[in-house]
Colleague: 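First, the structure itself, so that you have it in front of you.
Residue numbers start from 1 in every chain, and the chains themselves are labelled A, B, ... in the order their sequence lines are given, proteins ahead of strands. Note that these values count all heavy atoms, side chains included, but never hydrogens, waters or copies made by symmetry.
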Protein chains: 2
Amino acid sequence: MPRGIRWPKGPNCSRWSCEILQTDLMRVSFCCTDTKAQPWLEGLRAALPGAAVEAWAAGAAAADYAIVWAPPQQFFDEQSGLKAIFNIGAGVDALMKLRLPRGVPVVRLDDAGMSVQMAEYVCHAVIRHFREFDGYEADVAQGKWSYRKPRLHADYPVGVMGLGVLGTRVSRALVQFDFPVLGWSRSAKSIPGVQCFSGAAEVNDFLMASRILVCLLPLTPDTENILRHDTLSRLQPGGYVINVARGRHLVDEDLIALIDSGHLAGATLDVFRNEPLPAAHPFWKHPKITVTPHTSARTLREESIGQIAAKIQALQNGAPVATLAGVVDPKKGY
Amino acid sequence: MPRGIRWPKGPNCSRWSCEILQTDLMRVSFCCTDTKAQPWLEGLRAALPGAAVEAWAAGAAAADYAIVWAPPQQFFDEQSGLKAIFNIGAGVDALMKLRLPRGVPVVRLDDAGMSVQMAEYVCHAVIRHFREFDGYEADVAQGKWSYRKPRLHADYPVGVMGLGVLGTRVSRALVQFDFPVLGWSRSAKSIPGVQCFSGAAEVNDFLMASRILVCLLPLTPDTENILRHDTLSRLQPGGYVINVARGRHLVDEDLIALIDSGHLAGATLDVFRNEPLPAAHPFWKHPKITVTPHTSARTLREESIGQIAAKIQALQNGAPVATLAGVVDPKKGY
């Protein structure tokens, strides 16, 4: 008996029509922790009429497509016929640590409203630091009308590590504010107005030419702890760190030591090794560190549903996997 | 005897060479209150070799060119041969209230590094409000890891009043962050990606279609008090006001009343009727108003000196006044 027959509840259901329906019934399983399932299920059902879209529970029927965020290993262990796995975020580092069914493509969100959020977050943080708005705010809180000498963009080159969809958009946004913008990525890229560096051989030149550093790298074994004492020491004096990628890119105590020694001016951090950031962590109260609760670029439900549904339809219509945006390369891990 | 002969101090000075020099001696008078004169004088002398560049003092010789910021009436009363007046700011409202020598062109700074500062300031304020970064900051100060539902750009149309050099750059910067951007100006303008309104007939449509309002108008009798109860009431509910033009554009008590009634969500203000903002003014402590000390777009000395010196050279070389950027139309007052 074919898996997962469900009898439609509508009044016109006959045995015959249900069998027809069931013949090409596409099954989509939604398995996302920390996510309110109901609005996703409703949106996906509307976007994929004729598909059976269900929230996963242990022992559920195997699915054709999986839509996941931090799923348990058991989810994959129970699958037998997956055609593709869709991650409802840009970072797949947690997913890639699981045993995934062999040969099944993993597809990340491709922008889906995240790049503009990231450009907003990073530009806000860069401008806030460059223009000393925190300092003005502290003065105003004391009733002080203060003057600070304007800083020059030329003295604040911004280096963006990671030039994927998010890093590219962030770089372009910074260029329009007249900052010198540098970019670093694993493989060589070219972005108008951005001085691009690539590979391990050029990372030190990139760091030494940067004063504000923005981390937008994927988290892989190669990039874990990449923001540590020896790399951050290479930033120009008065350097500033903005981490919007993953907490495990950064060695927390090295950042604090370099701020406290005066080499770095401060940091804006949106991601942490443990989230929520533990109550006792020194980042919470450090006067030169701005903390936000992993809010730099949220998954937007409607955009994501539209994007994932369109990709599922494309695959169902026979499109090759390689034509989809956001397919993860298992060797690179992103 | 020709005015203002000065004997060069160099070792090779002979009577004869000094007379030659004096024949086309161009006199530039610098009369800027609240401005440290020495670095300007040094920069101008370097940029205009052969010119006599002096800080004005009562009774000084008349000048060919005036470089001014908030000069006293006496300065102009003593002039007899001015060819042009250069204002070291973008706004000439204070200058236009003086009795100026008839027929002498007034030239504003034309960008000179100000438009990028304005784009930074306004984008920072818009993003900070839209993304609720003040709210997150308050939560973090209490050790709270909080969640707020992402807002949609479509719900936050930004209206920019004034589409000169600064307003145009600000509008373009906002467009790249995917906000719906509207513009309003006295005469019709066209900016890619911006829905442009113009003239008194369209101001209400513009206001009703805007939620965040950015004021970048010149201050003239027509625009004084333009941000008042009836205009601000037309903004969409939850409206937000950013004033980076002049304090006299805004009726302070109307803004406060509309915030306190809940129609407006708040404001970011950089300019005030009296500056420094008086200690007793309610803006200082209002929980929904962010105050900065007129820092949105500072005059940058080097850029300004370069621009003014180039314009003086052009006039000296016979260029018609109309070919200069930033010439003030006395009828419009900007």
Colleague: Hey, which of B:Arg298, B:Glu302, B:Glu275 has the most heavy atom pairs under 4.5 Å with chain A?
Modeller: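 Winner by heavy-atom pair count: B:Arg298.
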
Colleague: Could you tell me which portion of A:Phe272 (side chain, backbone, both or neither) has an atom closer than 4.5 angstrom to a non-hydrogen atom of chain B?
Modeller: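 The answer is the side chain of A:Phe272.
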
Colleague: Distance from A:Glu120 atom CD to B:Asp178 atom CG, nearest 0.5 Å?
Modeller: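 If I round to the nearest 0.5 Å, the distance is 7.5 Å.
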
Colleague: Which region of B:Tyr121, side chain (C-beta onward) or backbone (N, CA, C, O), has a non-hydrogen atom less than 4.5 Å from a non-hydrogen atom of chain A, or is it both or neither?
Modeller: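 Both parts, heavy atoms under 4.5 Å.
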
Colleague: What residues of residues 35-42 of chain A sit under 4.5 Å from chain B when you count only heavy atoms?
Modeller: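 Under the 4.5 Å heavy-atom cut-off, nothing qualifies.
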
Colleague: Please report the interatomic distance CD1(A:Ile127) to CZ(B:Arg128), rounded to the nearest 0.5 Å.
Modeller: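 Reported value, rounded in 0.5 Å steps: 12.0 Å.
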
Colleague: With chain B as the partner chain, list the residues of residues 160-170 of chain A whose heavy atoms fall under 4.5 Å from it, by residue number, and write 'none' if nothing qualifies.
Modeller: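 A:Arg169 fall under the 4.5 Å cut-off.
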
Colleague: Just say parallel, tilted or perpendicular for the rings of A:His124 and B:Phe133, cut-offs at 30° and 60°.
Modeller: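 Tilted, since the angle between the ring planes falls between 30° and 60°.
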
Colleague: Got a second to check how far B:Thr292's OG1 is from A:Arg131's CZ, nearest 0.5 Å?
Modeller: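 Here the interatomic distance stands at 9.0 Å.
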
Colleague: Given heavy-atom pairs under 4.5 angstrom as the criterion, report whether the side chain, backbone, both or neither of A:Ala173 touches chain B.
Modeller: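 For A:Ala173, backbone and side chain are both near chain B.
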
Colleague: Checking an interface table here. Which of residues 108-116 of chain A come within a heavy-atom distance under 4.5 Å of chain B?
Modeller: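 Listed by number, the contacting residues are A:Val116.
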
Colleague: Do you know which of A:Gln176, A:Gln117, A:His153 has the most heavy-atom pairs with chain B at a distance under 4.5 angstrom?
Modeller: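 Maximum pair count with chain B is reached by A:Gln176.
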
Colleague: Need one label for B:Ala279: side chain, backbone, both or neither, based on atoms under 4.5 Å from any heavy atom in chain A.
Modeller: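 For B:Ala279, neither part sits under 4.5 Å from chain A.
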
Colleague: Could you tell me which portion of A:Tyr136 (side chain, backbone, both or neither) has an atom closer than 4.5 angstrom to a non-hydrogen atom of chain B?
Modeller: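 It is the side chain, since no backbone atom gets that close.
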
Colleague: Would you please go through residues 137-151 of chain A and name the residues with a non-hydrogen atom below 4.5 Å from one of chain B, in numerical order?
Modeller: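 Residues of residues 137-151 of chain A touching chain B at under 4.5 Å: A:Glu137, A:Val140, A:Ala141, A:Gly143, A:Lys144, A:Trp145, A:Ser146, A:Tyr147, A:Arg148, A:Pro150.
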
Colleague: B:Ala297 versus chain A, heavy atoms under 4.5 Å apart: side chain, backbone, both or neither?
Modeller: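 Contact with chain A: backbone only.
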
Colleague: By a 4.5 Å heavy-atom criterion (distance strictly below it), what part of B:Phe283 contacts chain A: side chain, backbone, both, or neither?
Modeller: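 B:Phe283 has no heavy atom closer than 4.5 Å to chain A.
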
